[in-house]
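Notes for the one structure printed next.
Only this structure's heavy atoms are used, side chains among them; waters, hydrogens and symmetry mates stay out. Indexing begins at 1, ligand by ligand and atom by atom, following the structure's order.
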Amino acid sequence: MECGSLTVVAGVMLWYDRAVGQEQKQYDVIVVGGGHAGVEAALAAARMGMETLLVTMNLDTICQMSCNPAIGGLAKGHLVREIDALGGEMGLATDLSGLQFRVLNRKKGPAVWAPRAQCDKKAYQFQMKKVCERQERLTCAQGEVVAVTTEAGRVTGIETALGVRFAGRTVILTTGTFLRGLLHFGMTRIEGGRAGEASAAKLSESLKAIGLTLGRLKTGTPPRLLRRTIDFSKTERQDGDEPVPYFSHWTDELFHVEQEESGNDTPNRVSAYPPNSVLAQAGGQVPCHIIYTTSKTADIVRANLHKSPLYAGVIKGVGPRYCPSIEDKIVRFADKQRHQLFLEPEGINTEEIYINGLSTSMPYEVQVALVQSVVGCENAEIMRPAYAVEYDYADPTQLTPWLETKVCSNLFLAGQINGTSGYEEAAGQGIMAGINAALRVKGLPPLVLGRDQAYIGVLIDDLVTKGTSEPYRMFTSRAEYRLLLRQDNADLRLCRVGYEVGLLQKRRYEKFLAKEAAINAELERLRSTKDGSLTLEQVLKRPDVRHADLPQPEPPVPEDVATEVEVIVKYAGYIERQQAEVERMRQMEGMVIPDWVDYDAILGLKTESRQKLKRIRPQTLAQASRISGVSPSDLGMIMIWLKARGGK
Ligand code: FAD
């Protein structure tokens, strides 16, 4: 594609676009797509000092939750806490727009405690839109991007459907489910990225032209029901936890709006809920409800399977194994008498109820019968029908561990386009792509989080090393070092990183440092204070003793500090063991595989290993070891080959 030339006038970088014939501003970072990945990417880049442009198809759908209006849950809650610790927005937006907050898995060990919030869909969107619009150095623009422009293997900008070109030193694509999106309602197919929204039909061709390989995936969503047509007396009520378990490490700031201007750092909880929050408007938490399918539901599914595009073979894309449709559940678990479903409000200003667990791509009339076979929904009316969506994604093994494409430098991909599913997975990649695009512009080395450092690190390493042929979602079981990657210590793991790359604000970093110092001081006190023959630390190790049961320091430590101290003391043995494993793995991570390695020249490698190594081009021996099919003997041969050529 024809490009142009750069000039600097009065310190401002100008791009002369030959095709358009005029000079225009050149952005440091252009983000395509205003979903969960795009927004975190754009905010991160702008906060790191980059002139940033966010182009999205519809500014009114910024950060729309395409499916369930809920943030967090198992492993996803960890991702949100990590994004928050790095300086991202998802946690704060959730705290302002949540209408019910819970911590899942509280009865299990701290490694798997998982914060989750049911959100007000519109409040979440508007909050994110507002933050983007008010962010310095970030310009939000509406438009459909139809091509990326490149020159000599490097991205130079983008072009929209109106023929407008924007020049960018880096470009981040976060197109979600929109690339050649195709919606399925039974056998009826409609082009679209999401119900009611157009698909991005043209960009895929441009991506193929620069050498990216695209595949097809699918995902689905349940119907939304009209609240007053549901018989809630037949349901089980599910309330939020009290006190409200907020997501963000910085929620105190939301309680005292004036604080920001006055520079007063003392949290002032003048109200029970943050003044601008949905909880404040609703006057407290809003309940969800549990209901069940019946044998009639299963009968309807079985009688209509041939009308499901998935089972009739119409949908070619692979769906999420862990978020199955009701068709999948009834077929796969044929013996199960009933399936649990959740009725979840979509917001406080709407009567729409999300029926979690009843995702389907059956035709409308079958959906009505399915819904009305559920206990409590006998007379329920559907406001929005369920559907499945098929879309193009890019095989993530085409990316470096810092999310840049290998075929085109300065072009980054993040979110569902990389084969993931879920808002949190998208946001986690988005913030890393934003950070890395900014670091590239600044001429600094990329940031890659380790598998022992963050779930975000596990997520990206899995994607770029193993690839995925089905929508990838995060689970705690995907992390080797679960006890190190707890949601409660996300700040201890990542605030320093966020601050050092220039993303986390100073006042938040200082708050974190104070917390870290308080934890260390309290640990020291427990180690040096005796209660009879035992130190307080030894007493706290007993399973039945809580931090609150010990003699308290003066002044007492805040609750988050007490929780952290308790976990560190109680799980010290396990944590040490995992740290020893991490050390062993780090030695392998330190064995860098240089770019010039020639896998064809390493005799004895299995053909499958050779092909995968050539395609994925791992950065370290440890990353190579995680590629499925690459055996220890393959690793040995690589090591010998490198040593013979002066590699370390
Ligand atoms: P999206 O949130 O899809 O955002 C993409 C953005 O890019 C949109 O704003 C779009 O307008 C914009 N865009 C796209 N192409 C262009 C272009 N060419 N030019 C300009 N702008 C563009 N997740 C789950 O975890 N569980 C589920 O059960 C689940 N079900 C889903 C069901 C459906 C029907 C859909 C659509 C999604 C579902 N998801 C589910 C996925 C979840 O919505 C996504 O994982 C998440 O939104 C991905 O975030 P993203 O930022 O990558 O993309």
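The shortest non-hydrogen separation linking Ala414 to Ala37 is O-CB, 3.8 Å. Nearest approach of Tyr472 to Thr468, heavy atoms of both residues: CB-OG1, 3.9 Å. Contact record, Pro385 with Tyr364: CB-CD1, 3.9 Å, taken as the closest heavy-atom pair. Listed here is the closest heavy atom pair of Thr52 and Tyr27: C-CD2, 3.7 Å. Nearest heavy atoms, Gln125 versus Cys63: CG-O, 3.6 Å.
Shown in contact with Gly415 at under 4.0 Å from a heavy atom are these atoms of ligand 1, numbered in order with element: 52 (O). Within ligand 1, counting atoms from 1 as listed, the ones closer than 4.0 Å to a heavy atom of Tyr387 are 34 (C). The Ala37 neighbourhood of ligand 1 comprises atoms 51 (O), with distances under 4.0 Å to a heavy atom of that residue. Each of the following atoms of ligand 1 lies closer than 4.0 Å to a heavy atom of Gly34: 6 (C), 7 (O), 9 (O).
No N or O atom of Thr61 sits closer than 3.5 Å to an N or O atom of ligand 1. Residue Gln64 has no N or O atom closer than 3.5 Å to an N or O atom of ligand 1. Among the atoms of Ala426, none of the N or O lies under 3.5 angstrom from an N or O of ligand 1. At least one N or O atom of Ser66, backbone or side chain, sits closer than 3.5 Å to an N or O atom of ligand 1. In terms of polar-atom proximity, defined here as any N/O pair under 3.5 Å, Thr56 does make such a contact with ligand 1. Inclusion of Gly38 in the set of residues having an N or O under 3.5 Å from an N or O of ligand 1 is not warranted. In terms of polar-atom proximity, Met57 is counted as a contact of ligand 1, with an N or O under 3.5 Å from an N or O of the ligand. At least one N or O atom of Gly422, backbone or side chain, sits closer than 3.5 Å to an N or O atom of ligand 1. Inclusion of Val145 in the set of residues having an N or O under 3.5 Å from an N or O of ligand 1 is warranted.
Counting only heavy atoms from C-beta outward, the side chains of Phe247 and Asp84 never approach each other to under 4.5 Å. Looking at Leu92 and Gln127, their side chains never come closer than 4.5 Å, going by heavy atoms from C-beta outward.
Under 4.0 angstrom from ligand 1, the non-hydrogen atoms of Lys76 all belong to its side chain. Under 4.0 angstrom from ligand 1, there are no non-hydrogen atoms of Ile62. Under 4.0 Å from ligand 1, the heavy atoms of Ala200 that appear belong solely to its side chain. With a heavy-atom cut-off of 4.0 Å, Thr177 touches ligand 1 through backbone and side chain alike.
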Worked check of salt bridge (Lys or Arg N to Asp or Glu O under 4.0 Å) between Arg102 and Asp241: CA-CA 5 Å; Arg102 294 196 301 138; Asp241 292 352; 5.5 Å; no
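For atom 5 (C) of ligand 1, the nearest non-hydrogen atom from the set Thr221, Thr174, Leu59 comes from Thr174. Summarising the contacts of atom 46 (C) of ligand 1 with Gln429, Arg194, Gln416, the nearest heavy atom is found in Gln416. By heavy-atom distance, the residue among Gly176, Cys63, Ala41 lying nearest atom 3 (O) of ligand 1 is Gly176.
Tested against Leu341, the residues Val371, Asn356, Thr235, Ile291 include a single side chain to side chain contact (heavy atoms under 4.5 Å, CB included) partner, Ile291. Under the side chain to side chain contact (heavy atoms under 4.5 Å, CB included) test applied with Gln398, the options Leu212, Val464, Val407, Asn418 reduce to a single match, Leu212. Just one of Met65, Gln64, Gln416 meets the side chain to side chain contact (heavy atoms under 4.5 Å, CB included) condition when paired with Tyr423; it is Met65.
Distances from ligand 1 to the non-hydrogen atoms of Arg473 include no value under 4.0 Å.
Here Phe101 pairs with Tyr246 under the ring-ring contact (aromatic ring centres under 6.0 Å, His included) rule; sequence neighbours left out.
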